[in-house]
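Okay, structure first, notes after.
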Amino acid sequence: MSEEKKSLNFLEQIIEEDLANGLPKEKLRFRFPPEPNGYLHIGHAASICLNFGLGLKYNAPVNLRFDDTNPAKEEQEYVDSIQHDVHWLGFQWDQVLYSSDYFQQLYDWTIALIKEGKAYVDDQSSEAMAIQKGTPTEPGTNSPNRDRSIEENLELFLKMKNGEFDEGSHVLRAKIDMKHTNMHMRDPIMYRILKKHHHRTGNDWCIYPMYDWTHGESDYIEQISHSICTLEFKSHRDLYDWYVDQVFDETKLELRPKQREFARRNLSYTVMSKRKLLQLVEEGVVNGWDDPRMPTISGLRRRGYTANSIRTFSDTAGISKRDNVTDVALLEHCIKDDLNKTAPRVMAVLNPVKVVITNYPKDKEEFLNANYNDYEEGFGSRPVPFSKELYIEKEDFREEANKKFFRLKLGKEVRLKNAYIIKAESCIKDENGEVTEIHCTYDENSLSGSGSEASKRKVKGTLHWVSIKHAEKAEVRVYDRLFTDEAPDGHKDKDFKEFLNPDSLNTIEAFVEPSLKTAKELDRFQFQRLGYFCVDKDTTSEKLVFNRTVPLRDSWAKMDSK
RNA sequence: UGACCCAUGGUGUAAUGGUAGCACUCCGGUUUUUGGUAUCGUCAGUCAAGGUUCGAGUCCUUGUGGGUCAACCA
């Protein structure tokens, strides 16, 4: 077997290099470390696919670790949704862990640090400390509390821990270098007082460790070999390393975790920051985190995206260190490609106009056999009812049209998919000139698949349809892009909401073939000639609701608009 | 007037000093009982200037452009 040689991304290259330099393969371990303060989005999917993908590739464990050091923002609801989303994406973690699992260990290490004179309690206001911190171009100055005695620091920190101080009154700082060119090294805060209930540790603690003090140590405890995060943490790396240095014990555990950074994945025509997504939810611009227009995992799932398509998208888009805006067309391509292979084809009419087949017996009805997929095995078939009165799409009929129009026009023939060839004879219009009824005749020997000479006749154009008498009514939610601009948050002087697309949701009453009556939530279909649709969770036994996942490519619409 | 990171077709990525490739998008042909799919094809790229080298997208220098860093957020 010749295996195609696949090029490695820069992180895989780093791993290969580490392996070549003697890192045993069994030591490889990764983690996905979300803060449970919101819902996961397609950008997180990139990180999930990357970390879990590395786990699969190197047969290494991957932990799901909740970075829960700020009880003010975190909730169990988010923990649950994140676990659900990671699972749904198809990945299996080694362990579910929480940074809060390490609060005691972190505290013990902190005491040791204080005893070494490497940390001190500061009781200045945050404003005073901000001034002393300097700026990126100017060095900072030392805090007047920087040289407190070890005894005093120990005593004050204990009081912090015991709740004897108010929130905001004291912090513990690492004693590093106030003149460091990296702002993060200017005596960063390790602990702050937060008298808040934590979703896991309850009221056990009133001091909480900061991200930097927690993250590298958590990686060290879990023996994560490669701690992969996004680019904005690059400047935290010095601090990450400094903190790991404080506790790293070569004699016990040889593995020293390393942080490496990649560029977050951006998508055109949407926004990705949690803050902005939250704003859309809170202001009612969308209907919740799982609104099918949202770039959240839950939104994409409800929209009809498959886990497979999202994984393919992440793989295809790749990773690097450059800022990027990936064309949403790539995501759409991935779902169309997946659904093309997997979705059964059915018929639904979104904008109906009535067709009467004048030479078809009045009370006759036939159940025609229709394949769920004409070109692939294994999809099976179902009966589709046919009768004298049908619906077709309004835009599939014109009284007159040029020969580029392959659809129904007066005096011309067209095939009804899975049924007969019909010919338009006349039409009835209302007072506005709008066509309300099309009268056709049918060729009774032309039934699809009957094998007759007439059935083999070539007619240009095949239309989908439903029998009026048998059709099910359904609500169809037709989605368009949420924003009209490629990079809605890329304009310095304009708010991203100025670019909201007023037509991002169009709800219509449609008619679908009766076989769809029993469809269940998340069942996915191709509505022939229209697009891919899935059953929404709002569906009840009385009412079917579909979401349009993505339309089919429509080269006629392109041609027609020219 | 700082430190650090980044720069390849319209977009996203590959080429690890040796033929600039792949995918998406766009455009066109063929096939088609979905104007879908499939299939074939076209257009299109190494930020700039120097340097090293037989040879530079890749290494060096200097520019230019973009990004990140001054939360008791992560």
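Reminder, nothing fancy here: chain letters follow the sequence lines and each chain counts from 1. These figures come from a predicted structure and were not determined experimentally.
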Cationic N near anionic O, under 4.0 Å, [X] to [Y]:
{"X": "A/Asp374", "Y": "A/Arg345", "value": "no"}
{"X": "A/Glu261", "Y": "A/Lys321", "value": "no"}
{"X": "A/Asp443", "Y": "A/Arg415", "value": "no"}
{"X": "A/Glu167", "Y": "A/Lys196", "value": "yes"}

Separation between the [atom1] atoms of [N] and [M], rounded to whole Å:
{"N": "B/C59", "M": "B/A7", "atom1": "P", "value": "10 Å"}
{"N": "B/C73", "M": "B/A3", "atom1": "C1'", "value": "23 Å"}
{"N": "B/G21", "M": "B/A15", "atom1": "P", "value": "14 Å"}
{"N": "B/A49", "M": "B/U31", "atom1": "P", "value": "48 Å"}
{"N": "B/G63", "M": "B/C4", "atom1": "P", "value": "14 Å"}
{"N": "B/G45", "M": "B/G35", "atom1": "P", "value": "36 Å"}
{"N": "B/C26", "M": "B/G36", "atom1": "P", "value": "12 Å"}
{"N": "B/G9", "M": "B/C27", "atom1": "C1'", "value": "15 Å"}

Taking a pair as Watson-Crick or G-U wobble with both distances under 3.5 Å, which nucleotide is matched to [N]?
{"N": "B/U31", "value": "none"}
{"N": "B/C69", "value": "B/G2"}
{"N": "B/U52", "value": "none"}
{"N": "B/U46", "value": "none"}
{"N": "B/G21", "value": "B/U13"}

Separation of [N] [atom2] from [X] [atom1] (nearest whole Å):
{"X": "A/Glu332", "N": "B/G12", "atom1": "CD", "atom2": "P", "answer": "16 Å"}
{"X": "A/Lys321", "N": "B/A14", "atom1": "NZ", "atom2": "P", "answer": "12 Å"}
{"X": "A/Asp327", "N": "B/U25", "atom1": "CG", "atom2": "P", "answer": "8 Å"}
{"X": "A/Gln13", "N": "B/A14", "atom1": "CD", "atom2": "C1'", "answer": "10 Å"}
{"X": "A/Leu331", "N": "B/G12", "atom1": "CG", "atom2": "P", "answer": "15 Å"}
{"X": "A/Gln259", "N": "B/C4", "atom1": "CD", "atom2": "P", "answer": "17 Å"}
{"X": "A/Arg186", "N": "B/A3", "atom1": "CZ", "atom2": "P", "answer": "13 Å"}
{"X": "A/Met185", "N": "B/G2", "atom1": "CE", "atom2": "C1'", "answer": "16 Å"}

Legend entry - Residue that, paired with A/Asp187, satisfies salt bridge (charged side-chain N to carboxylate O under 4.0 Å, His left out) out of A/Lys179, A/Arg146, A/Lys175: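 It is A/Arg146; the other options fail the test.
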Inset, instruction - Indicate for each nucleotide in nucleotides 68-74 of chain B, in 5' to 3' sequence, whether protein heavy atoms under 4.0 Å reach the base (B), only the sugar-phosphate (S), or nothing (-). - result: -SB-BBB
Inset, instruction - Would you mind building the protein contact string for nucleotides 32-38 of chain B? One character per nucleotide, 5' to 3', B for base within reach (heavy atoms under 4.0 Å), S for sugar-phosphate only, - for untouched. - result: SBBBBS-
Inset, instruction - Check the side chains of A/Ser452 and A/Asn445 for a donor-acceptor pair under 3.5 angstrom, ignoring hydrogens and angles. - result: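 Result is no, nothing qualifies.
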Inset, instruction - Would you check if there is a donor-acceptor pair between the side chains of A/His215 and A/Arg31 at a distance under 3.5 Å? - result: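 Side chains of A/Arg31 and A/His215: pair found under 3.5 Å.
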Inset, instruction - Using a cut-off of strictly less than 4.0 Å, decide whether A/Arg265 has a side-chain nitrogen or oxygen near OP1 or OP2 of B/U11. - result: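 For B/U11, OP1/OP2 do not have a side-chain N/O of A/Arg265 under 4.0 Å.
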Inset, instruction - Give a yes/no on whether any side-chain N or O of A/Asn9 is located under 4.0 angstrom from OP1 or OP2 of B/A14. - result: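 The answer is no; no side-chain N or O of A/Asn9 sits under 4.0 Å from OP1 or OP2.
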Inset, instruction - Between B/C6, B/G67, B/U13, spot the one nearest the side chain of A/Ser320, thanks. - result: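 My answer, after comparing the listed nucleotides, is B/U13.
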Inset, instruction - Test the A/Arg382-A/Tyr372 pair against the cation-pi criterion, namely NZ or CZ under 6.0 angstrom from the six-membered ring centroid and within 45° of the ring axis. - result: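 Yes.
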Inset, instruction - Given ring pair (Phe, Tyr, Trp, His ring centres under 6.0 Å), test A/His44 with A/Tyr39 step by step and report yes or no. - result: CA-CA 9 Å; A/His44 294 108; A/Tyr39 284 75; over 10 Å; no
Inset, instruction - Could you check whether the rings of A/His184 and A/His236 sit parallel, tilted or perpendicular, using 30° and 60° as the cut-offs? - result: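 Plane angle between 30° and 60°, so tilted.
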Inset, instruction - Measure centre to centre between the rings of A/Phe103 and A/Tyr208, then say whether the value is under 6.0 Å. - result: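 Yes.
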